[in-house]
There are 2 protein chains.
Amino acid sequence: MSSHNFKQEIFDQFARIGKAVSNGRRLELLELLAQGKHNVETLADMCSMSVANTSQHLQNLRQSGLVNASKIGQHVFYSLSSDRIVDLLAVLRELAEDNLNEVNRLIQQYLQVKDDLEPLPRADLVQRAEDGLVTIIDVRPGLEYDSGHIPGAINIPLSELDKHLSEFPTDQEIVAYCRGPYCVLAFDAVKTLRDKGFQARRLEDGYPEWKRSGLPVEEKMPG
Amino acid sequence: MSSHNFKQEIFDQFARIGKAVSNGRRLELLELLAQGKHNVETLADMCSMSVANTSQHLQNLRQSGLVNASKIGQHVFYSLSSDRIVDLLAVLRELAEDNLNEVNRLIQQYLQVKDDLEPLPRADLVQRAEDGLVTIIDVRPGLEYDSGHIPGAINIPLSELDKHLSEFPTDQEIVAYCRGPYCVLAFDAVKTLRDKGFQARRLEDGYPEWKRSGLPVEEKMPG
DNA sequence: CTATTATTAAACGAATTCATTGAATAACAA
DNA sequence: TTGTTATTCAATGAATTCGTTTAATAATAG
């Protein structure tokens with residue numbers, strides 16, 4: 001094999017990882033899997049895709065080695081094969097934010113609130129939590145909370161938020177987080193809380209990024 | 001715009017960055033641009049591609065915002081738009097190494113030497129350089145060396161290596177580096193040097209990773 | 001055993017990607 | 001002006017990707 005061929009072939013291999021993340025639906029799946037294991041039908045529901053199509057994308061991700069599959073009973077549970085994938089998603093996000101005007105247009109348009117809703121950096125949340133100054137709420141679905149969350153956070157899925165308003169302190173800031181910086185759950189939660197007169201802010205990004213940055217987490221035993 | 005549409009559209013935008021790095025030829029171009037500015041024809045030569053094809057890929061990268069173009073005289077010089085792209089390439093590389101057997105097969109096959117040629121970690125090189133224990137050679141083409149290199153490294157393009165053998169110390173280790181961990185220039189240099197009886201090793205990766213890690217570099221003034 | 005559920009496979013057409021070819025453009029030189 | 005060089009554009013066809021539809025498989029329940 002010539003050096004020329006080697007170079008081409010090795011870059012073609014790297015490109016296989018690129019191909020895996022070259023499709024928006026697959027990126028959605030990866031973000032969901034970053035919250036924890038999920039089976040095919042659940043993933044299909046959450047992405048509003050047909051089961052067959054979801055399965056096809058998952059096969060694709062599996063062949064790139066980005067996800068693992070394990071059969072438990074009748075279900076096939078998929079999971080990320082490596083924490084590094086959270087880094088990959090983060091870099092893609094940052095580069096898209098920096099380089100694609102379209103991204104900022106979308107954010108402005110859908111999340112108009114962005115300006116007066118400056119998100120809270122991770123490090124700041126750690127400090128305030130230590131000082132006992134905040135209530136942290138995890139607004140993801142219960143199953144995702146169960147498979148891992150920020151210590152001290154209470155789980156209130158967005159759909160349940162209305163029922164729990166009376167439990168929140170009015171003299172303390174409430175910090176909401178969800179799946180990631182562009183997941184709309186926390187945005188919506190903060191909006192609801194603010195409309196009701198609470199002091200609410202959004203964490204700068206979601207649980208996977210928190211965990212990935214080495215900060216402490218509460219997880220149920222693996223298995 | 002519904003939250004559902006927002007989610008899909010934002011992930012489609014992130015996927016544009018993925019698409020940009022979903023092709024081996026474009027990854028080659030990005031690695032070359034990580035060494036410094038280059039014009040279209042040079043890039044075409046270095047990748048063994050037609051000029052038109054190279055230009056097309058560069059347009060593609062430009063539309064994803066990963067590279068910038070600036071016309072100087074008759075030439076259009078392309079450059080990386082952000083240092084983060086070096087991180088992106090590194091993550092792709094790591095994930096490919098970890099997850100694709102094919103990558104390791106290729107390495108074994110082409111770079112059989114891998115085992116008895118354990119590469120030198122960056123931190124170790126810093127230490128040994130401080131202690132004056134090593135000679136560092138940069139085996140990239142002169143232009144790439146000129147636009148930035150490791151302090152104290154001397155530039156000996158691979159093609160010139162034979163002419164300079166007499167200049168090397170026989171009592172000191174020689175460390176060679178080039179464009180990146182899979183660039184074959186340093187591999188070949190180390191092989192040549194070892195065959196001639198020198199103590200030679202390869203740096204774990206190349207100049208872009210060195211610079212990106214925050215270690216000191218010697219660069220000519222920007223422009 | 002048959003029915004049901006969860007997932008994958010196979011086949012299809014529309015859309016996109018990719019390298020090639022040849023022509024267009026733009027800047028400069030003779 | 002004409003010619004030359006560097007780059008981009010436009011058109012082509014082969015290959016690949018993507019979502020849909022329909023069928024197959026495999027595990028469990030009745």
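Computed from a predicted model, the values in this text were never measured in an experiment. Here is how names work: the chains are called A, B, and so on, in the same order as the sequence lines, proteins then strands, and each is numbered from 1. For the numbers below, each heavy atom of this structure counts, side chains included, while hydrogens, waters and symmetry mates do not.
- A salt bridge does not link B:Arg179 to B:Asp205: none of the charged nitrogens lies less than 4.0 Å from a carboxylate oxygen.
- In terms of modelled atom types and a separation under 3.5 Å, the side chain of B:Glu204 and the main chain of B:Pro119 share no donor-acceptor contact.
- To the nearest angstrom, P of C:dT16 lies 12 Å from CG of B:Asp12.
- In this structure, the CG atom of B:Leu58 is 12 Å from the P atom of C:dA19, given to the nearest Å.
- Salt-bridge annotation for A:Arg93 and A:Glu209: present, with a side-chain N of the basic residue lying under 4.0 Å from a carboxylate O of the acidic one.
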Return a single string for nucleotides 24-30 of chain D, one symbol per nucleotide in 5' to 3' order, where B is base contact, S is sugar-phosphate-only contact and - is none, cutoff 4.0 angstrom on heavy atoms. ----S--
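- For the side-chain contact (heavy atoms from CB on, under 4.5 Å) criterion with A:Tyr78, the lone passing option out of A:Leu32, A:Thr54, A:Val40 is A:Val40.
- Taking the side chain to side chain contact (heavy atoms under 4.5 Å, CB included) definition, one finds that B:Asn155 meets it with B:Asp138, B:Tyr145, B:Pro157, sequence neighbours left out.
- Heavy-atom distances under 4.0 Å link DNA chain D to A:Lys19, A:Asn23, A:Arg26 of residues 16-31 of chain A, given in residue order.
- Between the side chains of B:Tyr182 and B:Glu97, at least one donor N or O sits under 3.5 Å from an acceptor N or O.
- OP1 or OP2 of C:dA19 sits under 4.0 Å from a side-chain N or O of B:His57.
- Between B:Asp45 atom CG and D:dA6 atom P the separation is 10 Å, expressed in whole Å.
- Atom-to-atom, CD of B:Gln59 to C1' of C:dA24 comes out at 14 Å; the value is rounded to the nearest Å.
- Using a 4.0 Å heavy-atom criterion, one finds that A:Tyr78 contacts the sugar-phosphate atoms exclusively.
- Using a 4.0 Å cutoff on non-hydrogen atoms, the parts of residues 46-56 of chain A near DNA chain D are A:Ser50, A:Ala52, A:Asn53, A:Gln56, ordered by number.
- Between the CZ atom of A:Phe77 and the C1' atom of C:dT5 there is a distance of 14 Å, rounded to whole Å.
- Residues B:Ser82 and A:Leu95 share a closest heavy-atom pair of OG-CD2, 4.0 Å.
- B:Ser70 is linked by a side chain to side chain contact (heavy atoms under 4.5 Å, CB included) to B:Lys37, B:Ile72, B:Phe77, counting only residues two or more places apart in sequence or in another chain.
- Across the protein-nucleic acid pair, B:His75 atom NE2 and D:dT5 atom P stand 11 Å apart, rounded to whole Å.
- The nearest whole Å value for the distance from the CD atom in A:Glu41 to the P atom in C:dT4 is 16 Å.
- A:Arg26 places a side-chain N or O within 3.5 Å of a backbone atom of A:Lys19 that can act as its donor or acceptor partner.
- Ionic pairing of A:Glu102 and B:Arg16 is not present here: no N-O contact between side-chain nitrogen and carboxylate oxygen is shorter than 4.0 angstrom.
- Scored by the side chain to side chain contact (heavy atoms under 4.5 Å, CB included) test, A:Arg212 finds A:Asp83, A:Arg84, A:Val86, A:Asp87 as partners (sequence neighbours excluded).
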